[in-house]
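Notes follow the structure.
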Amino acid sequence: MMNKFKATSKKIMIMKKSTLSLILVIALLLSSCGGEQKKRLTLADCPVIASKTGDLITLDYSAVKDTFNVPLGIFLSDYELIRLENSEEALLGETGSIAVSENYIGIYNSNPKGYKLFNRKGEYLRTISSVGQGPDEYFMTIYDSYIDEKNGMIYLLPGMTKKLLVFDLEGNPQQRIPFPFMVHKGRFRIDAEKKELIMTALPFLDTPFVTWRQDFEGNILQHIDAGHFVIDPGDYGNEVNQSQNTTAMDFSLFHWGPTVDSLYHYNEQQNVLEPVFTVKWKGDDIIRHGYTELPTHYFIDLDFQFTDHVPRHLRILLDKTTLRGCYANLRFNMLGNIAGPPWLTFNRGYCIANMFPYELKEQLKKALLKPERMTLEMKEKLIKLDNSLTEDDNNVLFIGKLKGVE
């Protein structure tokens, strides 16, 4: 009986050891999986979601699975938060085109209309041009603008126009640059030394070229016919996307009616549009989208149809070199990882966000509810910023300088 008891006890001990070993193995596996999951929360470990043939990168939409919170700071060399002056003439509402130079900020304000010039301290300087039918006035809106600080000039491109408006930094009208035809929602790049510009525009039926190079007198030097790009009927729900964040002159169209398209580079030497990026959709299930090019990445902004009267927006991030990517929730890591405004502008080497103070305060308060997720220095910074803002303040601009841009 005693030997039987000893044998039984020995079996129990073996079973306990086996069970303990099994628990340890499971724990190690879970720990390993947890470590792997933690490791995957980096862009470097995103799956490959695109392929490359020659110079053309094709993103496979069906391969995009993961969603990560991506710190905005990884794209920036520096940034600043600029609180705009609170005087009545400086107040902004909804804004359109925003141009940034080393010492100036130009902002088109849609209500009330006007192009307002500030310095980089946020001090209001003056309003340039106005709505009207005069030679230096514009119809309805300013669609694109550029501050050439080196030569002391500001260029304003109305949404529908036959001329590019030119002013000095004091707001005095200069010689306008004529176009040979009506330009709808154009974008431009100025070469002040050559006195030339490269233009792109929505290619309606009355727009013979989709891209062209011309001089300041309006003479066409070379062009790309509108051809298959033509939008018929002319629909102002479409847009021209142009980032100008690299040395290449990028170009793409945002189609209100979703369609298969590409982002192009304009090869000025050979006078051709070269496709460099596109998306392979799931059959005919094409989502309304727009492209943004950064020095090292592409963004694809997806604009889903309204669901229950609520629009849905998603952003895909793709690394140009590794071809890895994901759905990206951009977070302002320098401001406690807040989401910021839904739309960011990446243009001419800058990341720009226009923030309403009441919305910024709401996000700061939410971030401060979880102080364990930030350093003491970050917490004190956010508290100071929150306390300094009132809901009646003028807009706050976030301006970041993109890495890899001269």
Side-chain angles (χ1 to χ4, degrees), residues 96-102 104 106 108 115 117 128-129 135-139 141-169 171-204 206-226 229 239-253 263-274 293 345-350 405-406:
S97 174
I98 301 179
V100 175
S101 69
E102 184 176 353
Y104 296 95
Y108 171 70
Y115 191 86
L117 187 66
I128 297 175
S129 190
D136 298 296
E137 297 176 326
Y138 57 89
F139 175 67
T141 184
I142 297 297
Y143 193 71
D144 194 14
S145 62
Y146 174 64
I147 301 174
D148 179 8
E149 189 172 335
K150 178 181 177 181
N151 296 289
M153 296 295 176
I154 299 175
Y155 298 90
L156 305 181
L157 183 63
M160 185 171 68
T161 184
K162 294 190 71 174
K163 59 193 174 186
L164 181 64
L165 303 179
V166 187
F167 300 85
D168 63 21
L169 293 174
N172 300 309
Q174 305 297 304
Q175 181 63 46
R176 299 172 296 280
I177 300 175
F179 301 132
F181 48 81
M182 185 65 71
V183 172
H184 306 276
K185 288 189 170 181
R187 302 285 188 184
F188 66 96
R189 174 179 283 184
I190 289 284
D191 188 330
E193 292 183 4
K194 292 183 178 180
K195 293 189 176 181
E196 294 178 0
L197 67 156
I198 297 175
M199 291 290 306
T200 61
L202 274 185
F204 291 165
D206 63 345
T207 312
F209 314 137
V210 67
T211 301
W212 68 96
R213 184 168 63 93
Q214 68 164 75
D215 62 24
F216 281 12
E217 283 71 48
N219 300 305
I220 300 294
L221 304 177
Q222 58 189 45
H223 64 269
I224 302 291
D225 290 338
F229 292 103
E239 306 287 346
V240 174
N241 289 332
Q242 193 176 88
S243 308
Q244 297 195 43
N245 294 317
T246 71
T247 55
M249 183 72 168
D250 60 296
F251 161 78
S252 63
L253 295 176
L263 182 147
Y264 299 85
H265 285 170
Y266 177 53
N267 185 325
E268 184 178 346
Q269 287 69 38
Q270 299 182 27
N271 191 38
V272 294
L273 285 172
E274 300 173 331
E293 181 172 14
T345 300
F346 296 90
N347 185 252
R348 290 186 169 96
Y350 291 95
V405 178
E406 296 181 359

With heavy-atom distances below 4.5 Å as the criterion, would you say the side chains of L117 and Y104 are in contact? yes
We want to know whether S145 and Y115 form a side-chain donor-acceptor pair, criterion being a heavy-atom distance below 3.5 angstrom. yes
Can you check whether F188's main-chain N or O pairs, donor with acceptor, with Q244's side chain at less than 3.5 Å? yes
Between atom CG of N151 and atom CG of D168, what is the distance when rounded to the nearest 0.5 Å? 12.0 Å
Main-chain N/O of Q242 paired to N347 side chain as donor or acceptor, under 3.5 Å: yes
Does the distance from a Lys or Arg side-chain N to an Asp or Glu carboxylate O, for D144 and R348, drop under 4.0 Å? yes
Please confirm whether the backbone N or O of E149 pairs with a side-chain atom of E102, one donor and one acceptor, at under 3.5 Å? no
Please tell me if the side chains of L197 and R213 come closer than 4.5 Å, counting only heavy atoms from C-beta onward. no
Would you say that M249 contacts R187 through its side chain, given a criterion of any heavy-atom pair below 4.5 Å between the two side chains? no
Side-chain donor or acceptor of Q174 paired with backbone N/O of N172 under 3.5 Å: yes
Mind checking whether F229 and Y264 have ring centres under 6.0 Å apart? yes
Using a 3.5 Å distance criterion without hydrogens, assess whether the side chain of D148 forms a donor-acceptor pair with backbone atoms of M153. no
D136: which residues meet the side chain to side chain donor-acceptor pair (under 3.5 Å) condition with it, sequence neighbours left out? R176
Quick one: side chains of residues 155-162, donor-acceptor pairs under 3.5 Å with protein atoms, not counting sequence neighbours, listed by atom name and distance.
residue, atom, partner, partner atom, Å
T161, OG1, K163, N, 3.0
T161, OG1, K163, O, 2.8

Donor-acceptor contact present, side-chain Q214 to main-chain P178, <3.5 Å: yes
Sequence neighbours excluded, which residues qualify as side chain to side chain donor-acceptor pair (under 3.5 Å) partners of N245? none
